[in-house]
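Whatever order the structure lists them in is the order used to number ligands and atoms, beginning at 1.
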Amino acid sequence: MKAVEVDNLSYSYSDGTKALSNLSLSIPRHKRIAFLGANGSGKTTFLQHLNGLLLPQVGSVKVMGYQVQKNQLKKIRQLVGMLFDNPEDQLFSTTVAEDVAFGPRNLGLDEKEVETRVKQALEMVNITDLAGKPPYNISLGQKKRAAIAGILAMDAQLLVFDEPFSGLDPGFANQLMSLLEKLFHDGRTIIIATHDVDMAYAWADQVIILRKGEVLAEGSSDLLQDAALMKEACLYLPILVTAFQGTKMYPRTPEEANQLLWYASRGSKII
Ligand SMILES: Nc1ncnc2c1ncn2[C@@H]1O[C@H](COP(=O)(O)OP(=O)(O)O)[C@@H](O)[C@H]1O
Ligand SMILES: [Mg+2]
């Protein structure tokens with residue numbers, strides 16, 4: 001069974017904007033997937049189909065074997081944890097802890113289990129000290145952490161994060177990267193929408209590039225080395241691709257790049 005199967009999906013908003021056109025794709029389970037595309041390419045519209053926030057108008061979407069349709073939404077929302085682009089859209093309780101408790105309580109878990117999950121989730125994103133604060137009185141980065149805690153407390157199998165790194169300071173961006181790795185190694189499938197090509201290049205097993213609501217390309221993150229393709233997608237080349245252009249090496253992270261430069265400085269013919 002695939003994590004996601006999409007067949008011929010199209011979606012237009014009520015003002016007539018065609019946001020998705022004939023999208024077909026499949027995403028295996030237990031992979032790190034990045035949806036890339038310029039602003040307005042349809043990333044958010046697509047992701048919102050994965051938890052049934054939007055329902056297919058044309059075509060179909062299956063998540064973990066379940067058709068995304070009205071009568072399956074309860075099941076789908078147990079399976080899919082969704083971080084919205086704007087965390088303010090998903091925080092509505094009187095305290096951060098109550099917000100994080102909302103999902104697990106909705107699953108029908110007993111209060112003791114809810115309490116344990118809330119405590120663990122707040123610890124995982126380092127905001128235990130904010131538990132009693134109203135979510136509207138915290139910074140944007142903290143709101144993002146609170147929204148992520150709410151998702152972690154649900155223990156969903158498929159995690160869908162829309163622009164998770166926007167508005168985060170570098171410290172928490174690094175923590176979030178490590179957290180994503182941990183969640184992945186625990187067996188989850190993780191889908192991210194981003195226009196951060198450097199992050200996608202370092203992280204993703206599979207990338208899907210959207211342009212004007214259509215799939216422009218999909219494959220391994222090697223695709224991001226293709227200057228013509230990136231130009232067509234209105235995206236920058238990853239900075240490490242630009243920096244190492246003309247060499248035969250393709251470091252994915254600054255650490256790998258450092259290592260290569262160190263070898264080069266020792267006269268190695270590696271680059
Ligand atoms: N609520 C909406 N009503 C009308 N048009 C919308 C709405 N939300 C998004 N769009 C339009 O749909 C297209 C895809 O947008 P979106 O999915 O948000 O792209 P992305 O997340 O890649 O920036 C864009 O042209 C955008 O302007
Ligand atoms: Mg978006």
Check step by step if side-chain hydrogen bond (donor to acceptor under 3.5 Å, both in side chains) holds for Thr44 and Asp162.
CA-CA 7 Å; Thr44 295; Asp162 196 355; 2.7 Å; yes
So, is [X] polar-close to ligand 1, with some N/O to N/O distance under 3.5 Å?
X	result
Ser41	yes
Phe46	no
Ala19	no

Pairing of Asp222 and Arg252 as salt bridge, 4.0 angstrom limit:
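Looking at Asp222 and Arg252, the cut-off is met.
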Arg32/Asp205 salt bridge by N-O under 4.0 Å criterion
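Judged by the 4.0 Å cut-off on N to carboxylate O distance, Asp205 and Arg32 do form a salt bridge.
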Atom 8 (N) of ligand 1: protein heavy atom closer than 4.0 Å?
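Looking at atom 8 (N) of ligand 1, one finds that a protein heavy atom does lie closer than 4.0 Å.
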I'd like to check atom 26 (C) of ligand 1 in this structure: does the protein have a heavy atom lying under 4.0 Å from it?
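Flag for atom 26 (C) of ligand 1 set to false, no protein heavy atom closer than 4.0 Å.
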Where ligand 1 meets [X] - atom numbers and elements under 4.0 angstrom, heavy-atom basis:
X	value
Asn39	23 (O)
Ala38	22 (O)
Thr44	17 (O), 18 (O), 20 (P), 21 (O)
Thr17	5 (N), 11 (C), 12 (O), 25 (O)
Thr45	14 (C), 15 (O), 16 (P), 17 (O)

Which residue owns the protein heavy atom closest to atom 24 (C) of ligand 1, what's the atom, and how far is it?
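For this ligand atom, the closest protein heavy atom is Gly40 O, 3.6 Å.
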Can you report which non-hydrogen protein atom sits closest to atom 19 (O) of ligand 1, along with the distance?
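Protein heavy atom with the smallest distance to atom 19 (O) of ligand 1: Gly42 N, 3.1 Å.
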Indicate whether the side chain of [X] and that of [Y] have a donor and an acceptor atom separated by less than 3.5 Å.
X	Y	answer
Asn126	Gln175	yes
Glu256	Tyr250	no
Asn71	Gln69	yes
Ser21	Tyr11	no

Tell me which one of Lys182, Arg188, Glu181 satisfies side-chain hydrogen bond (donor to acceptor under 3.5 Å, both in side chains) with His185.
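Exactly one option meets the side-chain hydrogen bond (donor to acceptor under 3.5 Å, both in side chains) with His185, and it is Glu181.
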Counting backbone and side-chain atoms alike, does Asn39 have an N/O/S atom under 2.8 Å from the Mg ion (ligand 2)?
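No.
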May I ask you to check whether His30 and Phe184 place their ring centers less than 6.0 Å from one another?
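Yes: the rings meet the under 6.0 Å criterion.
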Have a look at Phe35, Tyr13, Tyr11 and point out the one with the heavy atom closest to atom 10 (N) of ligand 1.
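Shortest heavy-atom distance from atom 10 (N) of ligand 1: Tyr13.
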